[in-house]
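Quick notes on the structure that follows.
This structure is a prediction, so every number in the text was calculated from the model and none was measured.
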Amino acid sequence: MTTAHSFTRRDITFPSGDSTCAGWLYLPTGVTSPPVVVLGHGLGATRDMRLDAFAERFAQAGIAAVAFTYRHFGDSGGHPRQLLSIKRQLADWDAALAHVQARPDIDRSRVAVWGSSFGGGHAITVASRHPELRAAVAQCPFTDGLASALALGPVASLRMVPVLARDLATRVRGSAPAMVPIAAAPGSPALMNAPDALPGYQALQPPGTTFRNEVAARVIPTIAAYRPGRAAKKVTMPILFCVSDTDSVTPPAQTLRYASTAPLGEIRRYGAGHFDFYTGDTFEELVRDQSEFLTRQLHPAPAAPTP
């Protein structure tokens with residue numbers, strides 16, 4: 001009978017652009033040059049919002065993991081705070097990959113990316129740009145900004161126009177950004193207002209979290225125009241899509257259409273909602289499926305057998 005690997009966790013920082021990203025490095029104990037998976041989160045979320053739970057399981061499977069927080073959020077650098085820039089976040093992914101490529105304690109030839117929600121969309125984009133990767137996982141991925149905007153509803157979308165205008169004006173003046181909530185109650189102006197969005201975000205926050213439920217409003221038009229699902233057809237390595245059939249944030253029909261275009265794509269569908277993916281029985285099912293997929297692609301060393 002085999003057992004899970006034990007592991008250590010270290011705080012790390014790495015440079016990105018004009019600042020730094022903070023992260024955690026999980027290393028399986030007693031394993032020389034393990035493969036590694038890099039994990040990034042969703043809209044405004046920080047790594048302490050259950051990325052650690054996934055990273056721990058991957059480390060127990062013999063796969064090193066780097067879970068990081070984007071610039072402008074949490075304990076990462078970057079000013080102004082709460083600035084959600086797609087371009088900068090994708091640069092943070094590139095910086096995280098450069099960091100693991102420079103580490104002597106991992107196998108730089110066996111690298112995967114893992115993203116959830118908005119980060120799931122980034123994982124598709126990053127995988128399409130980095131053919132040297134061995135695998136990718138896109139969990140409840142944001143794949144089409146227009147589809148997500150339609151899910152938000154026209155009334156709530158229109159109610160964000162004034163705050164968007166105020167924020168664009170602050171950008172011209174160089175003053176502090178005008179903020180919009182990330183998640184709010186149904187019908188309220190926010191990036192997400194599905195019934196499960198606000199309680200879903202609240203359920204992911206540990207005591208003492210650095211998460212703030214707001215971002216600079218200037219991101220609104222760029223989110224609507226971001227369609228990372230289109231890059232799925234350019235992903236040349238195996239990629240696992242974990243899709244919620246009842247997703248209220250990232251509509252599954254469009255995601256499934258994009259996922260079907262990935263040459264080496266695998267699709268797993270789940271009956272649970274978008275925010276159920278992080279906890280409870282659904283988390284257990286997901287992390288088991290993802291660990292099996294990553295083990296199959298990255299070939300980590302097995303744990304030592306028990307006496």
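- Salt-bridge annotation for D94 and R129: absent, with no side-chain N of the basic residue lying under 4.0 Å from a carboxylate O of the acidic one.
- Of all heavy-atom pairs between P228 and T125, the closest is CB-OG1, 3.4 Å.
- Here the shortest heavy-atom pairing between L27 and A64 reads CD2-CB, 3.9 Å.
- At distances below 3.5 Å, at least one donor-acceptor pair connects side-chain atoms of S244 with backbone N or O atoms of A272.
- You'll find the side chain of E132 stays beyond 4.5 Å of the side chain of M237, heavy atoms only.
- Under a cut-off of 6.0 angstrom, the local environment of CZ in R296 is crowded, with over 12 non-hydrogen atoms contributed by other residues, nucleotides or ligands.
- The shortest side-chain heavy-atom distance between V287 and E56 does not fall under the 4.5 Å cut-off.
- No path of Ile, Leu, Val, Met, Phe, Trp and Tyr side chains, each step under 4.5 Å between heavy atoms, connects L264 with V126, placing them in separate hydrophobic clusters.
- Criterion: ILVMFWY side-chain heavy atoms under 4.5 Å apart, direct or through other members. Under it, F14 and V36 are part of a common hydrophobic cluster.
- Taking CZ from R57 and CG from D52, the interatomic distance works out to 11.5 Å, rounded to the nearest 0.5 Å.
- Partner of F118 under the ring pair (Phe, Tyr, Trp, His ring centres under 6.0 Å) criterion, out of Y70, F142, W93: F142 alone.
- Counting only heavy atoms from C-beta outward, the side chains of P238 and F293 approach each other to under 4.5 Å.
- When each of F277, F54, F275 is paired with F283, the ring pair (Phe, Tyr, Trp, His ring centres under 6.0 Å) condition holds for F54 and for no other.
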message: Working note: C242 + C140, criterion side chain to side chain contact (heavy atoms under 4.5 Å, CB included); need CA distance, chi angles, decisive distance, verdict.
response: CA-CA 6 Å; C242 297; C140 52; over 6 Å; no
message: Please determine whether side chain to side chain contact (heavy atoms under 4.5 Å, CB included) holds for the pair V113 and V37, giving the CA-CA distance in whole Å, both sets of side-chain angles, and the decisive distance to 0.1 Å.
response: CA-CA 5 Å; V113 292; V37 58; 5.8 Å; no
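- In this model, a donor atom of one side chain and an acceptor atom of the other lie less than 3.5 Å apart for D196 and S248.
- When hydrophobic clusters are built by joining Ile, Leu, Val, Met, Phe, Trp and Tyr residues whose side-chain heavy atoms come closer than 4.5 Å, directly or via intermediates, L84 is grouped together with I182.
- Side chain of R218 to backbone of L83: no donor-acceptor contact under 3.5 angstrom is found.
- Applying the ring-ring contact (aromatic ring centres under 6.0 Å, His included) rule to H130 yields no partners; only residues at least two apart in sequence or on another chain are considered.
- I12 and L39 end up in the same hydrophobic cluster when Ile, Leu, Val, Met, Phe, Trp and Tyr side chains are linked at under 4.5 Å.
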V100 vs V38, side chain to side chain contact (heavy atoms under 4.5 Å, CB included): CA-CA, chis, key distance, verdict: CA-CA 9 Å; V100 300; V38 178; 4.1 Å; yes
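- Looking only at side-chain heavy atoms (C-beta outward), I63 and P28 stay at 4.5 Å or farther from each other.
- The distance from atom OG of S128 to atom NZ of K234, rounded to the nearest 0.5 Å, is 6.5 Å.
- Side-chain contact check for E266 versus F241: every heavy-atom pair is 4.5 Å or farther apart.
- Taken together through direct or relayed side-chain contacts under 4.5 Å among Ile, Leu, Val, Met, Phe, Trp and Tyr, L191 and Y278 form part of one hydrophobic cluster.
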task: Assess whether salt bridge (charged side-chain N to carboxylate O under 4.0 Å, His left out) is satisfied between D92 and K87, documenting all intermediate values.
output: CA-CA 9 Å; D92 292 344; K87 182 178 180 179; over 6 Å; no
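- Side-chain contact between L294 and R110 is absent, with no heavy-atom pair separated by less than 4.5 Å.
- Separating the CZ atom in R10 from the CG atom in L25 is a distance of 6.0 Å, to the nearest 0.5 Å.
- Summarising the geometry, atom CG belonging to D144 is positioned 4.5 Å from atom CD belonging to Q254; distances are rounded to the nearest 0.5 Å.
- Closest of all the heavy-atom pairs between R71 and S76 is CA-CB, 4.0 Å.
- The side-chain hydrogen bond (donor to acceptor under 3.5 Å, both in side chains) contacts involving residues 38-50 comprise T46-D48, R47-T69, R47-D75, D48-T209, where partners must be two or more places apart or lie in separate chains.
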message: Could you walk me through whether H274 and T250 satisfy the side chain to side chain contact (heavy atoms under 4.5 Å, CB included) test, starting with their C-alpha distance in whole Å, then the side-chain angles of each, then the deciding distance to 0.1 Å, before giving a yes or no?
response: CA-CA 8 Å; H274 186 93; T250 57; 3.7 Å; yes
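- Atom CG of L146 and atom CD1 of I223 lie 13.5 Å apart (nearest 0.5 Å).
- Listed here is the closest heavy atom pair of G42 and S117: CA-CB, 4.2 Å.
- Here the shortest heavy-atom pairing between A216 and M179 reads N-SD, 3.4 Å.
- With a 4.5 Å cut-off on side-chain heavy atoms, F211 and L204 do not count as touching.
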- request: List the steps and the verdict of side chain to side chain donor-acceptor pair (under 3.5 Å) for Y270 and D276.
  value: CA-CA 10 Å; Y270 305 85; D276 296 326; over 6 Å; no
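- Taking 4.0 Å as the cut-off between side-chain N and carboxylate O, R134 and D107 do not count as a salt-bridged pair.
- Taking a 6.0 Å sphere around CZ of R230, one finds it holds 12 or fewer heavy atoms contributed by other residues, nucleotides or ligands.
- No side-chain N or O of N213 forms a donor-acceptor pair with one of Y201 less than 3.5 Å apart.
- The shortest side-chain heavy-atom distance between H72 and Q82 does not fall under the 4.5 Å cut-off.
- Atom CE in M49 sits 9.0 Å away from atom OG1 in T210 (nearest 0.5 Å).
- The two residues L198 and A185 make their nearest non-hydrogen contact at CD2-N, 4.3 Å.
- Grouped by direct or indirect side-chain proximity (heavy atoms under 4.5 Å, Ile/Leu/Val/Met/Phe/Trp/Tyr only), Y26 sits with F7, W24.
- A donor-acceptor pair under 3.5 Å links the side-chain atoms of Q101 to the main chain of R108, judged by distance alone.
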message: Let's go through Y226 and H122 carefully: what are the C-alpha distance in whole Å and the side-chain angles of both, what is the deciding distance for ring-ring contact (aromatic ring centres under 6.0 Å, His included) to 0.1 Å, and is it a yes or a no?
response: CA-CA 10 Å; Y226 187 39; H122 288 337; 5.5 Å; yes
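- Remark: the S188 side chain and the N193 side chain contain no N/O donor-acceptor pair separated by less than 3.5 Å.
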